[in-house]
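Notes for the one structure printed next.
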Number of protein chains: 2
Amino acid sequence: MGKPVTTGRRAGLDRDDMVCAALALIEHEGPAALTMRRLAAALDVTTTTIYWHVGSRDELITEVIRHQSERQAGRPITGTTARERVMCAARHVWDNALDNRAITSLAHQTGTTSLLEHPLEVALGRELESAGLTGEPAARALRAILSTVGGLLVLALRNESTVPEEHRAPALWAATHGELAPATIAALTRPGDYEDLFTSTVQAVIDAHVPGPRD
Amino acid sequence: MGKPVTTGRRAGLDRDDMVCAALALIEHEGPAALTMRRLAAALDVTTTTIYWHVGSRDELITEVIRHQSERQAGRPITGTTARERVMCAARHVWDNALDNRAITSLAHQTGTTSLLEHPLEVALGRELESAGLTGEPAARALRAILSTVGGLLVLALRNESTVPEEHRAPALWAATHGELAPATIAALTRPGDYEDLFTSTVQAVIDAHVPGPRD
DNA sequence: ACCTGAACACCGTTCAAGT
DNA sequence: ACCTGAACACCGTTCAAGT
C-alpha cells in the first residue's frame with residue numbers, strides 16, 4: 001500500500017516528501033539552509049521539481065510550519081487553579097519553542113509564529129475561557145500572555161542566532177554611560193537565566209489578567 | 001567649510017553620506033529596499049564604492065542603526081514615583097519604535113534591536129537603579145521590561161510587515177477549534193488596541209519588579 | 001585615496017521542452 | 001502527470017585596474 005517505491009516516471013516524490021526534507025534540512029543545518037537549490041540537491045532533483053509539487057518558497061515554509069505545528073500539539077495541561085492551568089498552557093508554548101529552536105527561528109523570521117504555535121495558543125485561549133474570561137478581557141489576556149512569551153523567546157533565542165558579536169557589547173557602552181552598575185550593564189549585554197525570567201514575568205502578566213481564587 | 005562640493009577625484013562622498021542615504025532608502029521604501037545595488041544607484045556610484053567607504057552590508061546596517069539610535073535619545077523622563085518614571089522610560093522605547101517602524105523592523109530582522117534602543121535602555125536602567133534596585137533584581141527587572149515591550153512591538157508591527165494574509169486567519173481555525181468564543185479567536189487573528197495592551201501589560205511587569213511607594 | 005568594470009558564487013522564479 | 005535544462009532578474013562580495 002501507499003506509494004510505489006519507483007514508478008515508471010522519474011522520482012517517486014510528492015509534496016509531503018518536500019516538506020519533510022525541508023524540515024530535516026532546517027533542523028540539521030539551520031533556517032538559512034532552506035533554499036530551493038539546497039533542498040533540490042538534498043532530494044536529488046531540480047529546483048523546478050519543487051515548484052511543481054509546492055508552489056513557491058513561501059508556500060513551502062507555510063507547509064513546513066503547519067506540519068511542525070501538528071506534531072507539537074498534545075501535551076496535557078495540569079494544575080488545579082485557573083492561574084496554574086493558564087501558566088501551564090503558556091509554558092507549553094515556551095517549551096516547544098526552546099525544544100525546536102531552528103523551526104521557531106524560521107517562523108519568527110517569516111512572521112509565521114502564530115501559525116506554528118496555533119494549537120498551543122488555542123489551548124491557552126481555552127484555559128482563559130475556563131477561568132471565566134470572555135469578550136475583550138479574554139482577548140486582552142491572550143494577547144498579553146502570548147506577546148510576553150514571544151518577547152522572552154526573542155531574548156532567549158538571540159544567542160545562537162546570527163547576531164555578530166559587535167552588536168552585543170561595544171566597549172564604549174561602559175564609557176559613555178558609565179553610571180550604570182555592572183549587574184545592570186550585564187542585563188543589556190550578557191545572557192541570563194531565562195527560565196527564572198519566564199516564570200516571574202509571565203506569572204505577573206497572568207496575575208494581572210486572570211482572576212485568582214480569592215478575587 | 002566642511003567638505004568641498006566637488007574634489008578633483010570622482011564623487012565627493014564619504015562614509016556618512018552612505019549611511020544617511022541608506023537611512024533615507026529604508027524610511028522611504030522599506031527595510032527590504034536596502035541592497036548594495038539599490039543604494040549604489042541612489043548615490044549614483046558603483047557597489048564597489050560602498051565597499052570602499054563601508055566594509056560590508058552588515059557594517060552598513062550597524063552604522064545605520066547606531067546613527068538612528070543617536071537621534072532617538074533625549075526625551076525627558078517625567079513622573080514623581082519610581083514606578084511612574086520607569087513606565088515613562090519604557091514608553092520612550094515603545095514610542096520611538098512606533099515612530100520609526102521601518103528602521104525598527106530592520107533592527108528586529110538583523111538582531112540589532114538592543115543597539116538601536118541602547119540609549120533608551122540605559123535610561124531605563126538608570127531609573128531602575130534610582131528606584132533602589134541593584135544587582136540581580138535590577139538586571140531581572142530590566143530584562144523583563146525590555147522583553148515585554150519587545151514582544152508587544154512584534155505584535156504591533158506585524159500588520160504592516162511582510163506577512164501574507166493566509167498566515168493570519170485560515171478559515172479552518174474556527175472549524176477545527178470551534179470551541180473558542182469569537183472575541184478569543186479575534187485575539188489570535190485580528191489586530192487590537194495595542195496602546196491599552198502596552199499600558200496594562202507593562203504596568204503589571206513593572207509592579208512585579210519595582211517596589212512601589214508603600215511596599 | 002577614491003572609484004570603475006568585470007567577474008564569482010549564490011539567490012527565487014519561469015518557460016519551453018522532454019517522457 | 002511529472003521532471004529537466006536553460007534562462008531571467010536579482011543578490012553580496014572580490015579583484016585587478018584605472019586616475
Side-chain angles (χ1 to χ4, degrees), chain A residues 2-22 25-26 29-65 106 109-112 162-164 166-167, chain B residues 2-22 25-26 29-65 106 109-112 162-164 166-167:
Chain A
K3 59 175 183 289
V5 178
T6 302
T7 114
R9 300 272 171 232
R10 300 283 160 148
L13 302 173
D14 61 355
R15 186 182 172 99
D16 221 61
D17 294 322
M18 316 261 142
V19 174
C20 289
L25 193 62
I26 295 163
E29 305 189 44
L34 181 62
T35 72
M36 305 303 268
R37 283 176 160 86
R38 293 186 67 166
L39 177 60
L43 287 164
D44 210 52
V45 291
T46 326
T47 54
T48 37
T49 302
I50 304 174
Y51 282 90
W52 197 92
H53 287 291
V54 193
S56 65
R57 194 183 119 97
D58 277 353
E59 282 187 55
L60 174 67
I61 291 177
T62 300
E63 219 52 43
V64 165
I65 300 295
L106 178 69
Q109 289 166 19
T110 55
T112 55
T162 50
V163 177
E166 62 194 53
H167 291 342
Chain B
K3 58 173 182 292
V5 178
T6 303
T7 115
R9 300 273 172 233
R10 298 287 160 141
L13 301 173
D14 61 355
R15 186 183 172 99
D16 221 62
D17 293 323
M18 316 260 142
V19 174
C20 288
L25 192 63
I26 296 163
E29 305 190 43
L34 181 63
T35 72
M36 305 304 268
R37 283 175 160 86
R38 294 185 68 165
L39 178 59
L43 288 165
D44 209 52
V45 291
T46 327
T47 53
T48 37
T49 303
I50 303 174
Y51 281 91
W52 197 90
H53 287 291
V54 193
S56 65
R57 183 171 189 266
D58 277 351
E59 281 186 54
L60 175 66
I61 291 177
T62 301
E63 219 53 42
V64 165
I65 300 295
L106 178 69
Q109 289 166 18
T110 55
T112 55
T162 50
V163 176
E166 63 194 53
H167 290 345

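Below, chain A is the first sequence line, B the second, and so on; all start at residue 1.
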Just how far, in rounded Å, is [atom2] of [N] from [atom1] of [X]?
{"X": "A/Ile50", "N": "C/dC11", "atom1": "CD1", "atom2": "C1'", "value": "13 Å"}
{"X": "B/Leu39", "N": "D/dG12", "atom1": "CG", "atom2": "C1'", "value": "13 Å"}
{"X": "A/Trp52", "N": "C/dA17", "atom1": "CH2", "atom2": "P", "value": "20 Å"}
{"X": "A/Arg15", "N": "D/dC2", "atom1": "CZ", "atom2": "C1'", "value": "15 Å"}
{"X": "B/Tyr51", "N": "D/dA17", "atom1": "OH", "atom2": "C1'", "value": "19 Å"}
{"X": "A/Ile61", "N": "C/dG12", "atom1": "CD1", "atom2": "P", "value": "9 Å"}
{"X": "B/Met36", "N": "C/dT4", "atom1": "CE", "atom2": "P", "value": "14 Å"}

Which atom of B/Val64 lies closest to which atom of B/Ala22, heavy atoms considered: CG2-CB, 3.7 Å
Assign each of B/Met18 and A/Leu34 the nucleotide of DNA chain C bearing its closest heavy atom; nearer the 5' end lies the nucleotide of B/Met18
Could you tell me the Watson-Crick or G-U partner of D/dT4, where both distances fall under 3.5 Å? Say none if there is no partner. C/dA16
Partner nucleotide, any strand, of D/dC11 [Watson-Crick/G-U, under 3.5 Å]: none
With respect to the phosphate group of D/dA1, does any side-chain polar atom (N or O) of A/His53 fall under 4.0 Å of OP1 or OP2?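 So the side-chain polar atoms of A/His53 never come under 4.0 Å of the phosphate oxygens OP1 or OP2 of D/dA1.
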Of the options [options], whose atoms approach the side-chain atoms of [X] most closely?
{"X": "A/Arg57", "options": "C/dA1, C/dT13, D/dC3", "value": "C/dT13"}
{"X": "A/Arg38", "options": "C/dC11, C/dC3, C/dT13", "value": "C/dC11"}
{"X": "B/Thr46", "options": "C/dG5, D/dG12, C/dC11", "value": "C/dG5"}
{"X": "B/Arg37", "options": "C/dT13, D/dC3, D/dG12", "value": "D/dG12"}

From A/Thr110 atom OG1 to A/Asp58 atom CG, the distance as rounded to the nearest 0.5 Å: 8.0 Å
Would you say A/Arg57 and A/Leu34 make side-chain contact, with heavy atoms under 4.5 Å? yes
So what does B/Thr48 hit on the nucleic acid, given a heavy-atom distance under 4.0 Å: a base, only sugar-phosphate, or nothing? base
Under a 3.5 Å distance rule, please check whether B/His53 uses its side chain to pair with a backbone N or O of B/Leu13 as donor and acceptor. yes
Check whether any side-chain N or O of B/Asp14 sits under 3.5 Å from a backbone N or O of B/Asp17 as a donor-acceptor pair, and report yes or no.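 Pair found, side chain donor or acceptor close to backbone of B/Asp17.
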